[in-house]
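This structure is a prediction, so every number in the text was calculated from the model and none was measured.
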Amino acid sequence: MAIETTLLLCKPDAVSRGLVGEIIARLERRGYLIAAMKLVQLSGDKAREHYAEHKDRPFFGDLVSFITSAPLVALAVEGENAIDGCRQLIGATNPLTAAPGTIRADLAQTIGRNLVHGSDSKASAERELKIFFTEGEFVSRKHDLERWIKE
């Protein structure tokens, strides 16, 4: 059993459209637990740090501009194989090609307004979680997961 913690962001479009509760409900129905959560207005510096791997891409400025345009909700999500599982639940980057039943296919409108971000690897999750949360902000629920998985 590989219990992991990953970062999921409900981007400004999810917050402004009132979809944060729906996104969290989908995570919880899948069996994931929220270990930390906060509503934040991201600074330009934090946004550039978060999207650092895209800094040389032509869309980098648009990413930073959008993610800092309004509040977002940052979530630390725990669960068995949470990184890949959350990515599957989120769906492909482009909502038009995302699998039916995923968050992006069901709720997102365009590739630039695709509601959510999820860490794509263990290394990314570790790096990204540190951008949004301090160690003291986590409430580990791994014991709940372990008990739930055994039942």
Side-chain angles (χ1 to χ4, degrees), residues 3-79 81-141 144-145:
I3 295 179
E4 301 171 329
T5 305
T6 190
L7 177 75
L8 190 134
L9 300 178
C10 296
K11 296 179 184 178
D13 53 333
V15 174
S16 68
R17 290 179 55 205
L19 295 173
V20 174
E22 171 68 21
I23 292 166
I24 292 171
R26 287 178 181 225
L27 292 166
E28 291 179 331
R29 282 196 300 267
R30 185 81 177 258
Y32 297 116
L33 300 175
I34 308 302
M37 178 171 64
K38 63 168 89 168
L39 176 70
V40 297
Q41 178 70 51
L42 204 58
S43 70
D45 288 343
K46 287 277 190 183
R48 284 186 287 280
E49 181 182 3
H50 175 68
Y51 285 125
E53 69 271 15
H54 300 300
K55 69 180 178 187
D56 295 326
R57 300 225 170 152
F59 55 83
F60 180 71
D62 291 337
L63 283 175
V64 171
S65 178
F66 173 63
I67 204 78
T68 59
S69 67
L72 61 81
V73 173
L75 303 160
V77 180
E78 281 188 348
N81 299 310
I83 296 166
D84 289 340
C86 285
R87 296 277 299 175
Q88 181 186 48
L89 185 60
I90 289 167
T93 303
N94 185 344
L96 299 177
T97 60
T102 64
I103 292 167
R104 288 176 173 157
D106 293 351
L107 304 172
Q109 297 171 330
T110 67
I111 198 167
R113 302 288 183 267
N114 62 10
L115 301 176
V116 288
H117 163 83
S119 300
D120 63 3
S121 67
K122 185 172 179 158
S124 290
E126 289 172 1
R127 182 184 70 79
E128 293 174 352
L129 285 163
K130 289 176 185 173
I131 294 169
F132 290 90
F133 299 101
T134 64
E135 198 61 38
E137 292 176 308
F138 290 89
V139 177
S140 179
R141 301 189 53 204
D144 292 330
L145 283 169

Side chain to side chain donor-acceptor pair (under 3.5 Å) with [X]: which residues, sequence neighbours excluded?
X: Asp13; value: none
X: Ser43; value: none
X: Thr6; value: none

Short question: side chain of Glu78, backbone of Ala35 - any donor-acceptor pair under 3.5 Å?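 Not at all, since once roles are kept as given, no pair shorter than 3.5 Å links the two residues.
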Has the side chain of Arg17 got a donor or acceptor atom that lies under 3.5 Å from a matching backbone atom of Ala108?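 No, because the side chain of Arg17 does not come within donor-acceptor range (under 3.5 Å) of the backbone of Ala108.
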State, to 0.1 Å, how close [X] and [Y] come at their nearest heavy-atom pair, and which atoms those are.
X: Val64; Y: Ala47; value: CG1-CB, 4.0 Å
X: Ala14; Y: Ile23; value: CB-CD1, 3.9 Å
X: Cys86; Y: Tyr32; value: N-OH, 3.8 Å
X: Asn114; Y: Lys11; value: OD1-NZ, 2.7 Å
X: Pro12; Y: Ala70; value: CG-O, 3.4 Å

Could I get the full list of side-chain contact (heavy atoms from CB on, under 4.5 Å) partners for Ser121, not counting sequence neighbours?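 Once residues adjacent in sequence are excluded, the partners of Ser121 under the side-chain contact (heavy atoms from CB on, under 4.5 Å) criterion are Ala123, Ser124.
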Kindly write out the residues that satisfy side-chain contact (heavy atoms from CB on, under 4.5 Å) with Glu137, not counting sequence neighbours, or none if the list is empty.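 Scan of Glu137 (side-chain contact (heavy atoms from CB on, under 4.5 Å), adjacent residues dropped) gives Lys38, Phe133, Thr134.
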Not counting sequence neighbours, which residues clear salt bridge (charged side-chain N to carboxylate O under 4.0 Å, His left out) with Lys122? List them please.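 If we apply the salt bridge (charged side-chain N to carboxylate O under 4.0 Å, His left out) test to Lys122, skipping adjacent residues, there are no hits.
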Donor-acceptor pairs are to be reported for all side-chain atoms of residues 88-96 against protein atoms at under 3.5 Å, with residues two or more places apart or in another chain.
from	atom 1	to	atom 2	distance (Å)
Gln88	OE1	Arg30	NH2	2.4
Asn94	OD1	Leu96	N	2.9

Applying side chain to side chain donor-acceptor pair (under 3.5 Å) as the test, list every pair that has at least one member in residues 96-108; sequence neighbours left out.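 Residue pairs passing side chain to side chain donor-acceptor pair (under 3.5 Å), neighbours aside: Arg26-Asp106.
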Qualifying side chain to side chain donor-acceptor pair (under 3.5 Å) pairs with a residue from residues 51-73, counting only residues at least two apart or across chains: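 Passing the test, one end in residues 51-73: Glu53-Arg127.
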Leu75 side chain reached by Leu9 side chain, heavy atoms, under 4.5 Å: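 Leu9 does not reach Leu75 side chain to side chain.
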Hey, are the side chains of Leu72 and Ile67 touching, using non-hydrogen atoms and a 4.5 Å cut-off?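 Contact flag for Leu72/Ile67 side chains = yes.
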Between Arg87 and Asp84, is a salt bridge (charged side-chain N to carboxylate O under 4.0 Å, His left out) present by the stated rule, with each step listed? CA-CA 5 Å; Arg87 296 277 299 175; Asp84 289 340; over 6 Å; no
Pair Leu33, Val77 - check side chain to side chain contact (heavy atoms under 4.5 Å, CB included), show working. CA-CA 6 Å; Leu33 300 175; Val77 180; over 6 Å; no
Run the side chain to side chain contact (heavy atoms under 4.5 Å, CB included) test on Cys10 and Leu19 for me, step by step, so that the C-alpha distance in whole Å, both residues' side-chain angles and the decisive distance to 0.1 Å come before the verdict. CA-CA 8 Å; Cys10 296; Leu19 295 173; over 6 Å; no
With Phe132 via ring-ring contact (aromatic ring centres under 6.0 Å, His included) - residues at least two apart: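 ring-ring contact (aromatic ring centres under 6.0 Å, His included) check on Phe132 returns His50.
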Could you grab the distance from atom CG of Leu8 to atom OG1 of Thr5, nearest 0.5 Å is fine?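 Reported value, rounded in 0.5 Å steps: 13.0 Å.
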Got a sec, which pairs hit ring-ring contact (aromatic ring centres under 6.0 Å, His included) with one end in residues 83-103, sequence neighbours left out?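 Non-adjacent pairs meeting ring-ring contact (aromatic ring centres under 6.0 Å, His included): zero.
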Walk me through whether Leu7 and His117 qualify under side chain to side chain contact (heavy atoms under 4.5 Å, CB included). CA-CA 8 Å; Leu7 177 75; His117 163 83; 4.3 Å; yes
